[in-house]
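Below: one structure, written as structure tokens.
Quick caveat: nothing in here was measured; it's all calculated off a predicted structure. Letters A, B, ... mirror the listed sequences (proteins, then strands); counts begin at 1.
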Amino acid sequence: MNDARFRIAPSPTGYFHVGGARTALFNWALARQLGGTFVVRIEDTDADRNRPEWTEGIIEALAWIGIKASDPHFEGPYLQSDYTQQHVDAAQQLVDAGHAYYCDMTTADIEARHIANGKAEGSQGYGGWSRDRNLGPGSGRVIRFRVAEGVTIVHDEVRGEVEFDNALIEDFVLVRSNGAPVFVLANVVDDMHMRITHVLRAEEHLSNTPKQQMLWEALGASVPVWAHLPLLVNEQRKKISKRRDKVALEQYRAEGYLADAMVNYLMTLGWTPKGDEIQPWAQMEADFRLEDVHLSPAFFDLKKLAAFNGEYIRMLSPHAFLDASRPWLPDHFDESKFLAMAPHIQPRCVTLADAPGVVDFLFLAEPVIDRDAWTKTFAAEANVAILRETLAAYEALSDWQAESLKSAMEVVGAAHDLKLGKAQAPVRVAVSGRTVGPPLFEALEVLGRDETLRRLRNAEAALD
RNA sequence: GGCCCGUUCGUCUAGUGGCCUAGGACACCACCCUCUCAAGGUGGCGGCACGGGUUCGAAUCCCGUACGGGCUACCA
């Protein structure tokens, strides 16, 4: 394990954001590729958003996408709230060194001062009015950072050099009047204490990077490698958010997306795998480079995700497919039947949740009849006749193989001058209740002679 | 409003001055295959935001404009 240390710093919100998952994956790929460490720090300083079980949820979500707490490269989770004293101490250190000062002005005071200075109501920015008042600690007082003059240049591994004019950065709050440290401070102090060397995070943080860089320097440390990743946006080109979009990783999992498909798709958001875009994790982990990360936002495209998922479902072995599908399957069913049909089910699924719909008729005591399909199919007299004739032919069949079932039906169809495509319809509806489904004769073979004949007789009786 | 970032087919992208008549994938359309539906195969549709430079030559470099987004809290 070398000195390269990466981190993700999610705030506990009750779910794990797909954007956070993408950031985690990029960090994880690099940490492992470089032989470094990936640390997880839960940023729970906002007391309103803090539930112990949410941390567990984050760890579980990470494990699902392959970031296992048991991996030697994994470290944590740490809770930011455990380090509050360090944050406060750092703020005091900054005050002592003259990099920060106390201020007793409230938001209303600042607003009033703006108006008194002839500025418009709602004017923004704090004028550094308490800078030289030499206030000491006291109730209702915050600690603000004294922003020096000049410019701050952020060296970003993906965006190059980004320059910020310090004059445009107000003396920001480090510690609230209630004594609670603010995000920028806590984030930097923790990163320093955890010896973080690489900060890869979403682009939304680029704007407060100069503030953080000033803190690193004022605290006497050398800044980490910065890398701001392109935002994940929706069709409106806005940052995907809980309010507007489906962002919970857990929800995709619950809907039947495979972890491998999700991981592969997430990796393509802001980076392009070498060669085919469908790639095993090990390959992407080896190929990932910060310099290849894209600059423009990535649209989180559900259709593309679905395509990836379908692709991954088709790659599964029958047994792996069965295991993955279990949560969506009935409590009791004939696994050998499912396994026999698996190669026919897989190409018909976009998510694992689609699996039961394709083959449930094989396991149910009675097929669920789609009334429209039934009515439409048997409105044709010929179809009723075909059903009867097929039943008779099947009763007389000496074996029960897909090939024989197919041949027998071809004979019946030919008598009506119909191709198989048309002739199979009434039997499919009678047995499965639907007009669409897996290959019929293979399904009948799996369903078995007795059950098939029983359903055909039931259908015949229902038509009388 | 200010600051910052970005801009190649509908979407994700390849492309780092000549290999570009701009390649691939998803989506869409057509055809083929086919027992339905899928899957698969073949083909098609479709793009360098705009305007100026630089250069023998620009999607690639520079400037401007437009558009989109992010940030602008005693949220994280």
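- Residue Lys239(A) places at least one side-chain N or O under 4.0 Å from the OP1 or OP2 atom of rC71(B).
- Residue-level contact check: Thr435(A) touches the bases, meaning some heavy atom is under 4.0 Å from a base atom.
- Here Gly437(A) lies in heavy-atom contact (under 4.0 Å) with a base.
- In the set rC74(B), rC3(B), rU7(B), the nucleotide with an atom closest to the side chain of Ser177(A) is rC74(B).
- Closest to the His294(A) side chain, of the nucleotides rU13(B), rC26(B), rC35(B), is rU13(B).
- Mapped onto RNA chain B by nearest heavy atom, Ala9(A) and Arg159(A) fall at different nucleotides, with Arg159(A) at the one closer to the 5' end.
- A gap of 8 Å separates the C1' atoms of rC33(B) and rG40(B), to the nearest Å.
- Annotation: the span from Glu451(A) atom CD to Leu364(A) atom CG amounts to 10.0 Å, rounded to 0.5 Å.
- Considering NE2 of His17(A) and OG of Ser11(A), their distance stands at 10.0 Å, rounded to 0.5 Å.
- Pairing for rC61(B) goes to rG53(B), judged as Watson-Crick or G-U wobble with the two contacts each under 3.5 Å.
- You won't find any donor-acceptor pair under 3.5 Å spanning the side chain of Glu311(A) and the base of rC26(B), going by distance alone.
- Computed from coordinates, the Arg428(A) CZ to rU36(B) C1' distance equals 4 Å when rounded to whole Å.
- The side chain of Ser296(A) approaches rU13(B) more closely than any other nucleotide in the set rC71(B), rC35(B), rU13(B).
- Donor-acceptor pairing under 3.5 Å, judged by distance alone, is absent between the side chain of Lys304(A) and the base of rA27(B).
- Comparing rA59(B) with rU8(B), their C1' atoms are spaced 7 Å from each other, to the whole Å.
- Across all strands shown, rC26(B) pairs with rG10(B); the Watson-Crick or G-U wobble distances both stay below 3.5 Å.
- Aromatic rings from Trp54(A) and Tyr15(A) are positioned such that their centres are separated by 6.0 Å or more.
- At the phosphate of rC74(B), neither OP1 nor OP2 sits under 4.0 Å from any side-chain N or O atom of Arg141(A).
- Across every strand in view, rC31(B) sits in a pair with rG41(B) that passes the Watson-Crick or G-U test at under 3.5 angstrom.
- With P as the reference atom, rG18(B) and rC4(B) are 32 Å apart, rounded to whole Å.
- rU16(B) and rG46(B) have their C1' atoms separated by 25 Å, with the value rounded to a whole Å.
- Screening Asn264(A), Asp260(A), Val263(A) against Phe308(A) for a side chain to side chain contact (heavy atoms under 4.5 Å, CB included) leaves a single residue, Asn264(A).
- For Leu231(A), whose side chain is taken as the heavy atoms from C-beta onward, the closest listed nucleotide among rC4(B), rU36(B), rG70(B) is rG70(B).
- Only the C1' atoms considered, rA14(B) is 37 Å distant from rG2(B), to the nearest whole Å.
- By the 4.0 Å N-to-carboxylate-O rule, Asp190(A) lies close enough to Arg41(A) to be salt-bridged with it.
- Ranking rU36(B), rG69(B), rC74(B) by closeness to the Gln424(A) side chain, first place goes to rU36(B).
- Across all strands, Gln346(A) comes closer than 4.0 Å to no nucleic acid atom at all (heavy-atom distances).
- When the options Tyr312(A), Trp271(A), Phe300(A) are evaluated for a ring-ring contact (aromatic ring centres under 6.0 Å, His included) with Tyr265(A), the one that passes is Phe300(A).
- Partner assigned to rG46(B) is none, using Watson-Crick or G-U wobble distances below 3.5 angstrom.
- One interatomic measurement links the two molecules: CG of Leu232(A) to P of rG6(B), which rounds to 17 Å at whole-angstrom precision.
- As judged by a 4.0 angstrom heavy-atom cut-off over every strand, Phe164(A) is placed among residues touching the sugar-phosphate backbone only.
- Within 4.0 Å (heavy atoms only), Met105(A) reaches at least one base atom of the nucleic acid.
- Proximity of Lys303(A) to the phosphate of rA27(B): no side-chain N or O atom is located under 4.0 Å from OP1 or OP2.
- Evaluation of atom-type donor-acceptor distances gives no pair under 3.5 Å for the side chain of Ser207(A) against the base of rC3(B).
- Listed nucleotides: rA39(B), rC35(B), rC5(B). Nearest to the side chain of Val162(A): rC5(B).
- One C1' atom belongs to rG15(B), the other to rC29(B), and the distance between them is 28 Å to the nearest Å.
- As judged by a 4.0 angstrom heavy-atom cut-off over every strand, Pro297(A) is placed among residues touching the sugar-phosphate backbone only.
- No more than 12 heavy atoms of other residues, nucleotides or ligands shown are found within 6.0 angstrom of NZ on Lys419(A).
- The aromatic ring centroids of Phe26(A) and Phe6(A) lie 6.0 Å or more from each other.
- As judged by a 4.0 angstrom heavy-atom cut-off over every strand, Glu291(A) is placed among residues making no nucleic acid contact.
- Here rA38(B) presents its P atom at 17 Å from NE2 of His344(A), a figure rounded to the nearest Å.
- The side chain of Glu277(A) lies closest to rA25(B), out of rU13(B), rC4(B), rA25(B).
- Residue Glu204(A) has its side chain nearest to rG70(B) when only rG70(B), rC12(B), rC5(B) are considered.
- Of the two residues near RNA chain B, Phe183(A) and Leu420(A), the one whose nearest nucleotide lies more 5' is Leu420(A).
- No contact: Lys422(A) has no heavy atom under 4.0 Å from any strand.
- In terms of phosphate contacts, Arg144(A) brings a side-chain nitrogen or oxygen within less than 4.0 Å of OP1 or OP2 of rC74(B).
- Counting any heavy atom pair closer than 4.0 Å across all strands shown, Pro438(A) reaches a base atom.
- When rounded to the nearest whole Å, the span between CG of Asn208(A) and P of rA76(B) equals 11 Å.
- Atoms CG and NE2, from Leu219(A) and His99(A) in turn, are 8.5 Å apart once rounded to the nearest 0.5 Å.
- For rG47(B) and rU60(B), the C1' atoms lie 15 Å apart once the distance is rounded to whole Å.
- Atoms CH2 (Trp271(A)) and C1' (rA25(B)) sit 15 Å apart, rounded to a whole Å.
- Residue-level contact check: Ala307(A) touches the backbone only, with heavy atoms under 4.0 Å from sugar-phosphate atoms and none from bases.
- Within the nucleic acid shown, Arg434(A) has no heavy atom closer than 4.0 Å to any nucleic acid atom.
- Here the nucleotide nearest the side chain of Leu168(A), chosen from rG69(B), rU36(B), rC3(B), is rC3(B).
- The side chain of Ser11(A) approaches rA76(B) more closely than any other nucleotide in the set rA76(B), rG69(B), rA25(B).
- Residue contacts shown for Val142(A) include a base, since a base heavy atom lies under 4.0 Å away.
- The separation of rG1(B) from rU21(B), taken at their C1' atoms, amounts to 47 Å, rounded to a whole angstrom.
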Mind running salt bridge (Lys or Arg N to Asp or Glu O under 4.0 Å) on Asp360(A) and Arg434(A) for me, showing each step along the way? CA-CA 11 Å; Asp360(A) 61 353; Arg434(A) 305 193 188 93; 3.3 Å; yes
